[in-house]
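Here's a structure for you.
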Amino acid sequence: MAEAAHSAHEGDTTRRDFIYIAAGSVAAVGVAATAWPFIDQMNPAADTRALSTTEVDLSAIPEGQQIKAMWQGKPVFVRHRTPEEIAAAQRDDYANLKDPQHDADRLVQEDGQPGKAEWLILQASCTHLGCIPTFAEGAYHGWFCPCHGSVYDTSGRIRSGPAPKNLYVAPYVFTNDTTIRIG
Amino acid sequence: MSGPSTYEPKSGITRWLDRRLPILRLAHDSFVAYPTPRNLNYWWTFGAMLSLCLIVQIVTGIVLAMHYVPHIDHAFASVQRLERDVPFGWLIQNIHAVGASMFFLAVYIHMFRGLYYGSYKAPRELLWILGCVIYLLMVATGFLGYTLPWGQMSFWGATVITNLLGALPLIGESIKNWLSGGFSIDQPTINRFFSLHYLLPFVIAGVVGLHVWALHEAGQNNPVGIEVKSKADTVPFTPHATIKDLFATTLFVILFAVFVFYMPDSLGHADNFIPANPLQTPPEIVPEWYLLPFYAILRAFDFNIGPIDSKLAGVLAMFASIGVMFLLPWLDTSRVRSMRYRPIARQFFVIFAVVCFALGWCGGQNPGRILFKVAPFSATMNWVTGGQVTERSIRATSESEWQQAADAAVAELRSQGAGMTAVTREGATSGRITGVIGGNQQTRVVSGDTSELLEEHITEVKQEVGPATPFFAVERSSPARFTVTNFSLLLTFYYFLFFLVILPVLGLRERPERVPDTIAKPVTQGAS
Ligand code: HEM
Ligand code: FES
């Protein structure tokens, strides 16, 4: 009997603790569950995400030129490279690169298929602070970023200046011989 | 509050009100009878101007919001319409845009005042920290507001700043998309920026309430930095502080008016009169003048520090430069508040102020700009005229042996009398070597003031010598030089040194001058 009374007394305090902890936990979960919708609403909405593919007709781009296609509100370089530009890009695969990458690896389509050497599809955003580099300028005739002077080669690899990385490849696939889909 | 209330309602109505809502009593105790140190100088009048600025921004802002359209296709035009078509829109828009600059001008003076007179020391730590919170909110509000007119600087400033957050490891990209509501600065961004730009000034107003409350609890600091000890040390707020604030604020308003009426756009950037174009970056992206020092800190790093890349280092330093202000009350170890009695600290303070201005200057410059260099950029060009060109292929047995194979090929060709050789790698294990055997070796040194000029000179020489020459060996040498980026780094270093080393160490080491016993003493005796 004495034993039972003792444990009942003990049980009292544990039960109280349990209530505190349980109430506290429910409150914490409640606060988090209430806060989350208010935080998450700021993430890209369904229509913004749905707009995230773009088709580009390549037949309109002459050799040696590029166009800027809009994808997800950001420009993408679609560059029709000349044989000399391709040769320069491939030759420099083994040059001293800040962010080493082979030209062929930068052409790979989103589904893993190899790309075509004439077509280079890159995000048009300098990897330093996001300016748009200008076409066919700089020592390597790839791109030159006017903001802080980053120089990219004809494969879009960073060759000098403050940018840390190569221009990012935009995810794309060839839907037929003259059309690509970005995103 | 100091002492019991001395308010005595005079009429029946005020007596009735005082029993129910003693708001007049609060006003009387805070702005009439409130005792202020009798030695306050004009540096203590900026708080009044700041209150005015906040009211001006809110009133003009609410009016702007009645005409402004937060849409990427209409925002720019709606601000133009405000300036041209809306009755007095030009006035209200200019007051708001200039007002932001005046607000920051006043807040910077207010902050330097606090720093110089040690107004952050006990018992005013929270007062100072609330001030830092207000400053952070002001920066956020100013940044959000600057994107609203949707000019080129608006758009690209927002792009650069949100991209910075992308530098944070792991979470950076998600935070960036969360903030802009998409994958770039676009319609969702302008909409939420407008909403938040409308909201934050009211949050500021709330924190200002706490700031003033904390001020009235701890009492004002003063130029000698000692506490009020008796009634002789103080004078009532009205008329003394009221009139002084009014006079100083009038001068401030005159300056404000000069900008509004004579040079409303001088503080902004011309590129913001070009509508935002996501396809084209302006040649240089700079924030508003009041954020330039932080922009300089952000760009001060052009090298990686261990695992932290240069971009992240800049972001961390920029946040730390504001964060360190929050810790100031505990970083300064001196027992003496006012730098008036700290001769050494005073000198470091002056350097600090100069450093802040210099950082502001750096923030507006192209970071690559060269300030000093020991010599011009130069290049030694070698080529061979005449002779016989040979070309061979190189094969290495494996990728790792490429270098040996290439070296061997060079040695071989040289041993056959080649004066010049060039190796081009074409694949993992293959390449080509070209060499000229015989002929006349030629050398020329060219130089230029910048690396671009040097490249131009090199091209000139190549054209002059002609395409008949098989190739050139160009050895470029860049002189040791000091750029805006290097300068920013040096200044950033002092900025942190001041807070993290100088103030803590100096407080323990320095021998302050004799501080007067009371506030009243130097005032009343100094006169006689
Ligand atoms: C802490 C106070 C505030 C600061 C520092 C501030 C700052 C700014 C700045 C720098 C701009 C850009 C002006 C330009 O370049 O033309 C701006 C624009 C704007 N602000 Fe504010 N603002 C404040 C309060 C408010 C408030 C309270 C509202 C509304 C309730 C408001 C509404 C607007 C609107 C609609 C614009 C866009 C129109 C324009 O550019 O003139 N602001 N603000
Ligand atoms: S954004 Fe391109 S170099 Fe800075």
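None of the values given here were measured: they were computed from a predicted structure. The sequence lines fix the lettering, A, B, ..., with proteins before strands; numbering per chain opens at 1. When reading the values below, keep in mind they use all heavy atoms of this one structure, side chains included, and skip hydrogens, waters and symmetry mates.
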* Asked: Within the distance-only criterion (no hydrogens, no angle test), does the side chain of B/Lys311 pair as donor or acceptor with the backbone N or O of A/Pro164 below 3.5 angstrom?
  ->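 Looks like no, no N/O pair under 3.5 Å.
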
* To do: Return the minimal non-hydrogen interatomic distance between A/Gly130 and B/Trp156, and the atom names on each side.
  =>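 Result for this residue pair: O-CZ3, 3.3 Å.
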
* Any chance you could measure A/Met42, atom CE, to B/Leu196, atom CG, to the nearest 0.5 Å? =>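 With rounding to 0.5 Å, CE (A/Met42) is 6.0 Å from CG (B/Leu196).
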
* Determine the minimum heavy-atom distance between B/Ile285 and A/Cys131, stating which atoms define it. =>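 Smallest heavy-atom distance, with atoms named: CD1-SG, 3.5 Å.
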
* **Distance (rounded to the nearest 0.5 Å) between A/Ile132 CD1 and B/Asn277 CG** =>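 These two atoms lie 7.5 Å from each other.
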
* Tell me, out of A/Lys68, A/Gln41, A/Gln90, who's got the most heavy-atom pairs with chain B below 4.5 Å. =>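 If we count pairs closer than 4.5 Å to chain B, A/Lys68 comes out on top.
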
* To do: With rounding to the nearest 0.5 Å, note down the distance linking NE2 in A/His128 to CG in B/Leu164.
  =>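 Answer rounded to 0.5 Å: 8.5 Å.
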
* Best-contacting candidate, B/Gln187, B/Arg192, B/Gln280, against chain A by heavy atom pairs under 4.5 angstrom ->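 Going by pairs under 4.5 Å, I would pick B/Arg192.
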
* Got a second to check how far A/Met70's CE is from B/Ser184's OG, nearest 0.5 Å? ->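 With rounding to 0.5 Å, CE (A/Met70) is 6.5 Å from OG (B/Ser184).
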
* Engaged part of A/Thr127 at the chain B interface, taking heavy atoms whose separation is under 4.5 Å ->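 Contact with chain B involves the backbone of A/Thr127 alone.
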
* To do: Quick one: closest heavy-atom pair of B/Phe183 and A/Lys74, and the distance?
  =>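 So the minimum-distance heavy-atom pair works out to O-CD, 3.2 Å.
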
* **Heavy-atom pair of closest approach, residues A/Pro75 and B/Pro278** =>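 That closest heavy-atom pairing would be CG-O, 3.6 Å.
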
* Region of B/Leu279 that comes under 4.5 Å of a non-hydrogen atom in chain A ->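 The answer is both parts of B/Leu279.
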
